[in-house]
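One is the number of the first residue; the rest follow in order along the sequence. Just so it is clear, the model here is predicted, and its values are computed rather than measured. We use all heavy atoms of the structure for the numbers below, so side chains are in, but hydrogens, waters and symmetry mates are not.
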Amino acid sequence: MNRVPMPIRRKNRLRSLILLALIAAGSTLFAQSRKDAAPRYSAYLFAYFTGNSKAGEAIRFAVSADGYHFRALNGNQPIVASEKISTTGGVRDPHILRGAGGQTFYMVATDMVSANGWNSNRAMVLLRSKDLVHWSSSVVNIPETFKTFEKVNRVWAPQTIYDQEKKKYMIYWSMRAGDEPDVIYYAYANKDFTALETEPVPLFHNPHGTACIDGDIVFKDGKYYLFFKTEGNGNGIKIAVSDRLTGGYTLRDRYVQQTKDPVEGAGVFKLNDGSGYILMYDVYTKGRYQFTKTSDFEHFKVVDEEVSMNFHPRHGTVLPITKEEEARLTGKWLQPQAIITSVQAKEIRRNNIVFDTAGKKLYLPVLPGTALKRFDPEFIKLPGVTTIPSGPVDFSKGPVRYRVLINGRQTETFTVGLLQHHNPVLNGYYADPEILYAQKTKKFYIYPTSDGFTGWAGNYFKTFSSPDLVNWTDEGVILDLPTQVSWANRNAWAPCIIERKINGQYRYFYYYTAAQKIGVAVAGDPAGPFVDSGKPLIAQKPEGVKRGQEIDPDVFTDPQTGKSYLYWGNGYMAVAELGEDMISIRPGTVRVITPGKTFREGTYVFYRKGTYYFMWSENDTRSPNYRVRYGTAPTPLGPIHVPENNVVLEKSAAAGIYGTGHHSILQLPGTDRWYIVYHRFTYPSGIAMGEAAGYHREVCIDTLEFDADGNIRKVTPSHRGVGPVHLK
């Protein structure tokens, strides 16, 4: 075939196409190389402070591999001394940001000691670092720097974001003068991030005319989302949205927190796996954090069950970090103890883990029935951290030795053992337990106070069922004050219950404390649902009583007469006969029968072999010396005789058990076998909690015995508890 010369114009066109293709391919390769060179975030850094004491008002760090399970660095101690970086000696609300180039990190915090008053601070702290380990700092005092704002009396919760248009770092915070509502302002930092180079300008104010604080701006899908806390008219988190960073925010006028409790300190971070965002916030009246997950900033799902921390944070922020950055942080500050105590296995009672720092021994209490031959404690996984052995291990022959290696440092060895104790019987914080054996279901039930809330602020009740006193099932919430009770929505405390068969049907009458009054709810099943009677049964003090509270009900039916009685009181013991309907008091039957100066609260009455036993708790539930005493009487109305040695249950310092009290008693049907069900401080950490131990309690069961004369023998509180009970 003859070759025909290609026209010059076609040659040039072909050359142009080839050149364009090469350029496009080069651009793609360059873009891909840039993409491959970009940092791949594989972990998270959490910057936070821990509380309103001066010791807690300092910047602390924690790390996580997945954004859900965090371990404190530096033993939960500050990573920089507050005295060196602030004017007040304390810093709060740290916000951490990766710089636009990816190599510099910026942190800002409130310069404040809360003990000086909530209107005492005037400044913020600016920090800068190249490696997340070494930080330089400076202080910006707003009234001193800007005379326009010389009357400002608080400068709160600063945060930083990079302004892509101005190529500068914008700092925004809430501020107020006098008694005016807090407004969120912004200004730009100078090049060195040591000062503000522009005067503060309002960024957002609450259109309702009330305060807005704790702003957190997140850029997503071309829009800026400003999360903030409302003040003065509901304490929750709302979102305002804008197309531009420095203004034009439109309020979405609804709360996004997934709790009815007050919250503050919203912090939003994107998950490294692309599955969405975490919105976390401080549930400050409950002393805990809540994590929620969202993909659209419209719908938020609580994921608290997936979250664990070995510290209690206050207002903080989370930064995605690379494997190298995480290794640098853990190499500097992570302690092997934080890894060996990071167990995540669902069979472990994590509240009750005991770590012997001197002996490097870890004791893991596990749930009944846990298989020991192949058990995996599930230590948290972090880049640069190795735990040997890993995976399931045979614990059936005793403790196992583990080695922990962090970033090439010297290996530390620990001994890990499993404990198959039965106390506490419920996994979590619960108190004031009432126990029932239900003839209808042939199961045992515990009705406790839901605990773990600062100042006993719980507002719902749960129940737990068991076939044998050892294996317990959570039956869920049986009465929720805010949604089911019209006359009270707070302080859900100390319930009691009784089973009655009426017209061939079992009925359950549930007496409970709410807002320092006593109510009653009724159900056809021991696990509910319960329906409140619609009004308090006991709402005022008995005649002649000036002090105390109307709390801690106890219900008792006299087997001799069939009459039912309600007992109650804090500081006094009162009794009244219940009506036939079990939801009313017979007029004229209220009496005060306080058994002496040792009586505080928590009455419990039972009958055995012709004697009526009256029991109560002495001292304050926040005291390690909270304990149980008893007396006897010939009738359900007294008079109560108090024996000389009448302490039934008290602390065992040798066993580390404290605050034993507010109990109930169980007689196994058809037998003379008895058990005492009580609460104690959470073990082992409760004794170090101070007054907070009084609302971090857990439920235990031990055997109750009598001597030949009918005296109650003193009970030794135990960790082992009681074995399985099976009724014929």
Side-chain angles (χ1 to χ4, degrees), residues 431-434 449 456 491 493-494 496 513 516-518 538 540-556 565-576 589-608 611-653 657-665 676-681 690-691 693-695 697 704 706-707 709-717:
D432 313 322
E434 167 84 353
T449 297
W456 310 287
N491 302 123
W493 300 344
C496 67
T513 306
Q516 288 72 43
K517 298 180 179 67
I518 294 171
I538 304 294
Q540 59 188 15
K541 292 176 175 55
E543 185 177 352
V545 174
K546 303 298 182 183
R547 297 182 179 181
Q549 301 179 85
E550 290 61 72
I551 64 174
D552 295 2
D554 175 54
V555 61
F556 169 70
Y565 298 89
L566 186 73
Y567 302 83
W568 72 93
N570 161 276
Y572 65 90
M573 181 192 290
V575 60
T589 63
V590 176
R591 298 175 60 178
V592 176
I593 56 171
T594 310
K597 293 182 179 180
T598 63
F599 178 85
R600 177 63 177 259
E601 60 195 13
T603 301
Y604 194 87
V605 179
F606 68 94
Y607 178 83
R608 178 184 182 268
T611 299
Y612 297 88
Y613 290 81
F614 286 75
M615 305 180 76
W616 61 89
S617 293
E618 178 186 13
N619 299 317
D620 190 293
T621 190
R622 293 166 290 190
S623 168
N625 299 316
Y626 196 55
R627 59 184 180 175
V628 176
R629 291 184 181 268
Y630 86 101
T632 59
T635 76
L637 302 175
I640 301 172
H641 168 69
V642 180
E644 184 176 348
N645 298 310
N646 72 328
V647 174
V648 176
L649 177 70
E650 63 182 346
K651 69 183 179 184
S652 172
I657 298 174
Y658 299 91
T660 52
H662 203 130
H663 70 294
S664 59
I665 300 295
I676 184 169
V677 188
Y678 60 96
H679 73 235
R680 70 184 186 191
F681 288 177
E691 288 196 351
Y695 38 84
R697 300 161 294 181
L704 186 77
F706 301 82
D707 66 18
D709 296 324
N711 299 308
I712 299 178
R713 288 177 172 157
K714 190 173 182 180
V715 176
T716 300

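Across all their heavy atoms, R622 and F681 have their closest contact at O-CZ, 3.4 Å. Of all the heavy atoms in P636 and Y567, the pair that sits closest is O-OH, 2.7 Å. Minimum heavy-atom separation, M573 to P595: CE-CD, 3.7 Å. Annotation for P639 and P634: closest pair O-CD, 3.5 Å, computed over non-hydrogen atoms. Nearest heavy-atom pair across P542 and V592 is CB-CG2, 3.7 Å. E650 and P717 get closest at one heavy-atom pair: O-CG, 3.3 Å.
At least one side-chain heavy atom of Y604 sits less than 4.5 Å from a side-chain heavy atom of E434. Looking at I538 and L566, their side chains come closer than 4.5 Å, going by heavy atoms from C-beta outward.
Put simply, the side chain of W493 never gets that close to the backbone of I551: no donor and acceptor are under 3.5 Å apart. Counting only distance, with no hydrogens or angles, the side chain of W568 and the backbone of A576 share no donor-acceptor pair below 3.5 Å. Between the side chain of D709 and the backbone N or O of N711, no donor-acceptor pair lies under 3.5 Å. Looking at H679, its side chain does come within 3.5 Å of a backbone N or O of D432 through a donor-acceptor pair. In this structure, the side chain of T603 does not engage the main chain of W616 through any donor-acceptor pair within 3.5 Å. Put simply, the side chain of T513 gets close to the backbone of D552: a donor and an acceptor are under 3.5 Å apart. Checking side-chain atoms of N646 against main-chain N and O of Y630 turns up a donor-acceptor pair under 3.5 Å.
To the nearest 0.5 Å, the span separating NE2 on H641 from OG1 on T632 amounts to 5.5 Å. Here I640 contributes atom CD1 and T594 contributes atom OG1; the two are 8.0 Å apart, rounded to the nearest 0.5 Å. Taken to the nearest 0.5 Å, the CZ atom of R600 stands 10.0 Å off from the OG atom of S617. Here the straight-line distance linking atom CG of D554 with atom CE of M615 works out to 11.0 Å at 0.5 Å rounding. Interatomic distance, CH2 of W456 versus OG1 of T449, reported as 11.5 Å (0.5 Å rounding). Interatomic distance, OG of S664 versus OH of Y678, reported as 12.0 Å (0.5 Å rounding).
Take N625 and apply the side-chain hydrogen bond (donor to acceptor under 3.5 Å, both in side chains) test, not counting sequence neighbours, and it matches K651.
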>> Quick one, E550 with Q540, criterion side-chain contact (heavy atoms from CB on, under 4.5 Å). Give me CA distance, side-chain angles, the key distance, then yes/no.
In response: CA-CA 7 Å; E550 290 61 72; Q540 59 188 15; 5.7 Å; no
>> Under the criterion side-chain contact (heavy atoms from CB on, under 4.5 Å), I'd like the reasoning laid out for H663 against L649: C-alpha separation, chi angles, the key distance, then a yes or no.
In response: CA-CA 10 Å; H663 70 294; L649 177 70; 5.5 Å; no
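Sorted by first and then second residue, the salt bridge (charged side-chain N to carboxylate O under 4.0 Å, His left out) pairs with a member in residues 628-642 read E618-R629; sequence neighbours excluded.
The distance between the ring centers of F556 and Y565 does not fall below 6.0 angstrom. Annotation: Y626 is not in aromatic contact with H662 [ring centroid separation under 6.0 Å not met].
Atom CZ of R608 is surrounded by more than 12 heavy atoms from other residues, nucleotides or ligands within 6.0 Å.
Classified by interplanar angle (parallel below 30°, tilted 30° to 60°, perpendicular above 60°), the ring pair Y613/F706 is perpendicular.
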